[in-house]
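Values reported hereafter were calculated over all heavy atoms of this structure, with side chains retained and with hydrogens, waters and symmetry mates removed.
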Amino acid sequence: MRAAPGTQLAGGGGGLNGRARAGQDETMLKDALEVVRLSPAPMPEAPLQGPAQALYDALSHGAPNAGLLARARNFLNVRLQEVHDRPSDMPDDLRECAAWMEGKAMRVGRLYADYLAARRRGGPCRYFTSRAHALYFLRSIAPTKLVDGAWLYGLVDHWDDTRFHPLIRIYLEELGDGVPDRNHVAMYRKLLAASGCGRWDDLEDDRYVQGTIQLALAYDSEHYLPEIIGFNLGYEQLPLHLLITAYELDDLGIDPYYFTLHVTIDNLATGHARKAIDALRLAMPAGSDAQAFYRRVIDGYLLNDLGAGTESIIRAFDLERELVRILRRKSVFGRHMHSDYCRVAGKSVNEWLADEALIPEFLAQLQRHGWIRRHRDPNDSPFWKLLVGDRAAMFGVFDEYELQIVHDWIAGDAGRGDADRFGSEPERETRRRMSFRARQTLLGGEETRTADDAADAGDFDAPVRALQAALVGRRTRRERMTMLAPLLSPARHASPEGLLATRLFSEELRSSY
């Protein structure tokens, strides 16, 4: 095999190596992008945070101080001004809300039946063009999913007021009632890790808007009760995109259970959607205050429309643009890390990476000179072999998500139809039924393990033991609930002590009925 055309392999005083023959390709691959290990590169600057991300990160650390609370309140007030004059599909009369939600659920059901019929006739996926596209989506919604249910946290302090029990029950179920494998945040963390998407701190700022709204509501419930009820009313309805997302993730071999769980738990008959209606009825004031309260409920409902939504995120995906973004980010680290042994179109790799604007042209030159052979199996491309394999010269430079982007971009047209690799339609349908209805049974003891089962594991579970010790002597329910409530916060509920606190809080709440 010849060296990639036009690639200069400079060693010592040599220039173009015209004697590259079959059998020398592996040597070329090892030497071409040799990493300089003895000269540390300067640390790159951290990417600038947008306003939503900065506030999201600050609120993620726990209860805000007065200054941070003021920032969060200002953020919410601006968002509420954005939606105040927007049209809403909510009925003007509270008594019509149940019928309105039922009508929406029926429309979603009909549309999903049409989608399934089209897929059975051989129609394509509606959302995801490739596995890389699906992983891009999972990363992009991480800031929202990792605060799942947060908007209801502030209501746990009102556990002794039966008007708020439907909302508190929703929150506790989002937290899995203290069972680790049912806690929604813990579940999504596992999904990200299993999909190679553990890093998502470089997202665009609009990806943080929804999560920031939820966190801001979490810590200011006394000020925004009607908006919280309205937000919850919108969030707990079953959208068409959730059903389609679960179906197509399964097609691509990505576990859809996080999404299918929400299909069942948010049902209108007995699930969160029904509890959302009950909560609105119970909290609605009587008399002249009702109209103003309901107007604020509608504004809260409209907050669901802000930020990047599921379909806008899916439409925003462009495979080559995402590849270029990743390479530009990597170039900050890599522009000082390569030797001058490999030259592409007359430039060293360091020179190509020194200017982020050159990345698209660098990719074009790698194709022109044979390092990347698009629309073919990526294993046919020498560049891909630098990234993967036991002796790959750049092993570990790209994480799993980034490798999937590179892989799918190289594969191009040759990679279309990836869903077909995961079995026949009957086989996929059986797997869907298993993940939809039988996952809890399949996981068995793993899902029913509770947080305090590991209390004898040593120092790692010291916070759990400390909580258990602190509860000794708290004889009244109020004392216990007051101690447990802070551990149910968005920042702490998925921790071992938070999971235990959630389970105990849930048991206490049930016993108070």
Side-chain angles (χ1 to χ4, degrees), residues 1-12 14-37 41 130-132 318-416 418:
M1 179 182 296
R2 288 186 174 274
T7 302
Q8 300 177 19
L9 303 179
L16 179 66
N17 184 353
R19 295 189 299 276
R21 298 183 180 87
Q24 294 183 322
D25 190 47
E26 289 299 318
T27 301
M28 179 185 73
L29 292 175
K30 294 174 187 175
D31 294 343
L33 294 177
E34 175 188 348
V35 175
V36 179
R37 303 181 185 276
S130 63
R131 186 179 176 87
D318 180 281
L319 183 57
E320 184 160 333
R321 185 171 63 230
E322 180 67 358
L323 174 63
V324 170
R325 185 195 67 80
I326 289 169
L327 293 178
R328 282 175 172 161
R329 175 70 175 139
K330 294 291 181 184
S331 73
V332 178
F333 296 89
R335 63 186 54 163
H336 305 285
M337 300 296 288
H338 298 87
S339 73
D340 289 335
Y341 193 65
C342 175
R343 305 186 72 81
V344 178
K347 288 187 177 72
S348 69
V349 173
N350 285 337
E351 289 172 331
W352 280 113
L353 299 181
D355 184 351
E356 293 181 7
L358 295 178
I359 297 297
E361 177 60 21
F362 183 41
L363 285 172
Q365 292 294 343
L366 288 173
Q367 293 175 72
R368 187 170 295 119
H369 296 301
W371 284 93
I372 294 175
R373 296 159 185 167
R374 292 208 63 205
H375 308 297
R376 293 166 57 174
D377 185 333
N379 289 305
D380 293 340
S381 292
F383 179 76
W384 179 251
K385 294 180 181 178
L386 291 168
L387 309 183
V388 297
D390 294 338
R391 300 178 66 81
M394 294 175 63
F395 178 81
V397 171
F398 293 84
D399 65 24
E400 291 179 58
Y401 167 71
E402 294 163 343
L403 286 173
Q404 190 71 56
I405 294 291
V406 175
H407 176 278
D408 287 7
W409 179 78
I410 294 174
D413 294 340
R416 297 197 183 279
D418 279 350

Residue pair [X] / [Y]: nearest heavy atoms and the distance that separates them:
| X | Y | value |
| --- | --- | --- |
| Tyr401 | Ala132 | CE1-O, 4.2 Å |
| Trp409 | Arg374 | O-NH2, 2.7 Å |
| Arg328 | Glu356 | NE-O, 3.1 Å |
| His375 | Ala414 | O-CB, 3.4 Å |
| Leu363 | Leu327 | CD2-CD1, 3.6 Å |
| Ile410 | Pro378 | CG2-CA, 3.8 Å |

CA sep, side-chain torsions, deciding dist, call: Phe398, Lys330, side chain to side chain contact (heavy atoms under 4.5 Å, CB included): CA-CA 9 Å; Phe398 293 84; Lys330 294 291 181 184; 4.1 Å; yes
Side chain to side chain contact (heavy atoms under 4.5 Å, CB included) against Glu400, all qualifying residues, sequence neighbours excluded: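 By the side chain to side chain contact (heavy atoms under 4.5 Å, CB included) rule, Glu400 matches no residue at all.
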State the [atom1]-[atom2] distance between [X] and [Y], to the nearest 0.5 angstrom.
| X | Y | atom1 | atom2 | answer |
| --- | --- | --- | --- | --- |
| Glu322 | Asp408 | CD | CG | 11.5 Å |
| Asp318 | Glu320 | CG | CD | 7.0 Å |
| Ile372 | Asp380 | CD1 | CG | 13.0 Å |

Stepwise side chain to side chain contact (heavy atoms under 4.5 Å, CB included) check, Phe383 with Arg373: CA-CA 9 Å; Phe383 179 76; Arg373 296 159 185 167; over 6 Å; no
With sequence neighbours excluded, residues passing side-chain hydrogen bond (donor to acceptor under 3.5 Å, both in side chains) with Asn379: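 Residues passing side-chain hydrogen bond (donor to acceptor under 3.5 Å, both in side chains) with Asn379: Asp377.
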Qualifying residue, where the test is side chain to side chain contact (heavy atoms under 4.5 Å, CB included) with Val406 and the options are Leu319, Ile326, Leu387: Leu387
Backbone N/O of Asp399 and side chain of Glu402: donor-acceptor pair under 3.5 Å: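 Checking the backbone N and O of Asp399 against the side chain of Glu402, a donor-acceptor pair under 3.5 Å is found.
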